[in-house]
Amino acid sequence: MQPVDGEGMPELPEVETVARALRPHLLGRRMTRVDVLTVKLRKPLASFKQKLADVLDKEIIKISRRAKYIVVEFAGMRVMLLHLGMSGSLKIVPGDVPAENHERIIWFFDDGRSLRFHDPRKFGLVDILPLQIPDSLPECLENLPPEPLGEHFSANYLYQLSRGRRRPIKSLIMDNSFVVGVGNIYASESLFRAGIDPLSPAGKLTLPRYQQLVQAIRQVLQEAIAAGGTTISDFSGVDGSEGTFARHLNVYGRAGKVCLTCNKAIILKTIIGGRSTFYCPHCQK
DNA sequence: AACACGTCCTGAGCGC
DNA sequence: TGCGCTCAGGACGTGT
């Protein structure tokens, strides 16, 4: 089983890694032209194409991340949102390199280089939105639930909102209406680190267990960011372009193998909320 | 053929 | 019966 190889594995740490990697390439640049090579990604691209005029030849002044969105801010109170979906990846290449198969959008810049959005499954998203205040976020991102690495995400927060809910804890932490950015791999890994059975009803877990869980989520995400994500391949000219977190995975993709912690139980796989879920029946109760 | 790292939508099922 | 909430499941292209 090779669930984490290949290119693109866009969970929060990968998106953060991409946003950081883009900065030295794109800050201060201006887009001279954009080629849109497909009619739709997750949504039709017609309105995106129309709004491109708002950002063409405007200086890129900031690149950030909110949830799994990359936010590119231009002079003139506009941002461009990029979401990689399930299979999206970005790379910087010289502008005259021919488009590869599955490249959906190409941005050309004033230094002769280009940004390529490669997305076989077309689950990605791009949009251009107005800003009310410079150096801020568009409204649709401003009002999102807390970042898992932010100050508003706490054990008490999760504990309170989980009361009375019977759904499995893994499903709750992956629900973007409660906390953003915790994807399928890191949800399994965080629950393993916290020693919590992913099938536990969320409303039954005590506050101390949520303290363990929040700490685990933060640690796992921070370590993955420090490792450069799990895989950001072919990101030319960027140091440490190969993410190395895959080798730190304890349960994800390890069904049938011996648990690396207890060295005794076999990692199990189940389906929660339609998503593959891996756990150690001995270490997670 | 089954399954894949994300989101969005639908509708079934529940308590009141 | 109806209302609102919760939650599971499917849909969305394509590749392996």
Side-chain angles (χ1 to χ4, degrees), chain A residues 1-18 37-45 65-70 81-90 100-105 117-127 140-141 144-145 148 160-191 198-204 217 220-221 224-225 227-233 242-249 251-256 269-278:
Chain A
M1 175 177 308
Q2 323 163 338
V4 290
D5 73 348
E7 59 176 9
M9 237 192 74
E11 292 201 30
L12 185 149
E14 289 71 35
V15 179
E16 177 65 29
T17 300
V18 171
L37 306 175
T38 186
V39 293
K40 78 183 270 283
L41 293 174
R42 201 165 81 209
K43 300 193 307 190
L45 289 167
R65 176 195 61 77
R66 177 77 167 94
K68 292 171 187 160
Y69 293 90
I70 296 165
L81 300 190
L82 299 170
H83 195 292
L84 302 176
M86 287 275 269
S87 63
S89 61
L90 293 168
E100 283 179 15
N101 195 22
H102 301 128
E103 277 183 13
R104 309 304 184 185
I105 302 178
F117 182 54
H118 183 268
D119 185 13
R121 295 176 73 179
K122 297 194 260 192
F123 289 173
L125 181 145
V126 295
D127 203 357
C140 64
L141 296 187
L144 287 175
Q160 295 300 339
L161 66 74
S162 64
R163 294 308 89 185
R165 297 180 196 269
R166 284 164 294 185
R167 67 198 295 196
I169 181 59
K170 177 174 182 259
S171 163
L172 185 115
I173 59 174
M174 288 184 65
D175 188 327
N176 282 340
S177 58
F178 300 138
V179 57
V180 298
V182 181
N184 198 36
I185 293 176
Y186 296 113
S188 276
E189 292 299 317
S190 300
L191 286 160
L199 288 158
S200 305
K204 293 280 179 57
I217 289 171
V220 166
L221 293 177
I225 291 171
T230 304
T231 302
I232 309 294
S233 59
E242 279 295 310
T244 60
F245 195 75
R247 67 180 71 138
H248 301 297
L249 297 178
V251 287
Y252 189 87
R254 297 196 67 252
K269 174 184 176 180
T270 188
I271 302 294
I272 297 177
R275 315 304 301 277
S276 293
T277 302
F278 300 86

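Just so we're on the same page: letters track the sequence lines, and every chain starts at 1. Excluded from the calculations below are hydrogen atoms, water molecules and symmetry mates; all remaining heavy atoms, backbone and side chain alike, are included.
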Discussion item. A side-chain contact here means heavy atoms from C-beta on lying under 4.5 Å apart; do P44(A) and V39(A) qualify?
Written reply: no
Worksheet item: Taking the side chain as C-beta and beyond, is there a heavy-atom pair between H118(A) and P120(A) under 4.5 Å?
Response: yes
Worksheet item: Hey, does I271(A) have a side-chain heavy atom less than 4.5 Å from the side chain of T277(A)?
Response: no
Worksheet item: Just how far, in rounded Å, is P of dG13(C) from CG of L84(A)?
Response: 18 Å
Worksheet item: Judged by atom type as modelled, is there a donor-acceptor pair below 3.5 Å linking the side chain of E11(A) to the main-chain atoms of G181(A)?
Response: no
Worksheet entry | P gap between dG10(C) and dA2(B), integer Å | 14 Å
Practice prompt. Name the residue closer to the 5' end of DNA chain C, choosing between H102(A) and I271(A) according to the nucleotide with the nearest heavy atom.
Written response: I271(A)
Discussion item. Distance check needed: dG13(C) P versus R42(A) CZ, whole Å only.
Written reply: 13 Å
Worksheet entry | Nearest-angstrom distance from the residue atom CZ of R121(A) to P of dT14(C) | 11 Å
Worksheet item: Any idea which heavy atoms bring R42(A) and F123(A) closest together, and the distance?
Response: CD-O, 3.6 Å
Worksheet item: Hey, does G274(A) reach any base, or is it just sugar-phosphate, or nothing, if we go heavy atoms under 4.0 Å?
Response: nothing
Item to complete: Mind checking which stems touch DNA chain C? I mean at least 3 consecutive Watson-Crick or G-U pairs, both distances under 3.5 Å.
Response: B:2-4 with C:14-16, B:6-16 with C:2-12
Discussion item. Checking understanding here: a glycosidic angle within 90° of 0 is syn, the rest anti, so what is dG13(C)?
Written reply: syn
Item to complete: Round to a whole Å and report the spacing from CE of M86(A) to C1' of dC12(C).
Response: 10 Å
Discussion item. What's the closest nucleotide to the side chain of P120(A) if the choices are dG6(B), dG15(C), dC3(B)?
Written reply: dG15(C)
Worksheet item: What is the nucleic acid contact for K40(A), judged by heavy atoms within less than 4.0 Å: base, sugar-phosphate only, or nothing?
Response: sugar-phosphate
Practice prompt. Name the nucleic acid region contacted by G183(A), choosing base, sugar-phosphate or nothing; use a 4.0 angstrom heavy-atom cut-off, strictly under.
Written response: sugar-phosphate
Item to complete: Might you point out which heavy atoms bring S87(A) and R121(A) nearest each other, and give the distance in Å?
Response: OG-N, 3.1 Å
Practice prompt. Evaluate whether the aromatic ring of F123(A) and the six-membered ring of the dG13(C) base sit under 5.5 Å apart, centre to centre, with an inclination under 30°.
Written response: no
Practice prompt. Answer yes or no: does a side-chain N or O of K122(A) lie under 4.0 Å from OP1 or OP2 of dC12(C)?
Written response: no
Item to complete: Starting at atom CZ of R104(A), determine the distance to atom C1' of dT14(C), rounded to an integer number of angstrom.
Response: 8 Å
Item to complete: Could you state the atom-to-atom distance from CG of N184(A) to C1' of dG9(C) in whole Å?
Response: 15 Å
Worksheet item: Can you name the salt bridge (charged side-chain N to carboxylate O under 4.0 Å, His left out) partners of E103(A), sequence neighbours left out?
Response: R116(A)
Discussion item. Looking at S188(A) and F278(A), would you say the former's side chain and the latter's main chain have a donor-acceptor pair under 3.5 Å?
Written reply: yes
Worksheet item: Judged by atom type as modelled, is there a donor-acceptor pair below 3.5 Å linking the side chain of D127(A) to the main-chain atoms of L81(A)?
Response: no
Fill in: Residues N176(A) and K68(A): side-chain donor-acceptor under 3.5 angstrom
no
Response to the item:
When rounded to whole Å, the CD1 to P distance for the pair I272(A) and dA8(C) reads 9 Å
Practice prompt. Rounded off to whole Å, could you give me the CG-to-P distance for the L125(A) and dC8(B) pair?
Written response: 8 Å
Fill in: Neighbours of DNA chain B within residues 162-177 of chain A, by heavy-atom distance under 4.0 Å
N176(A)
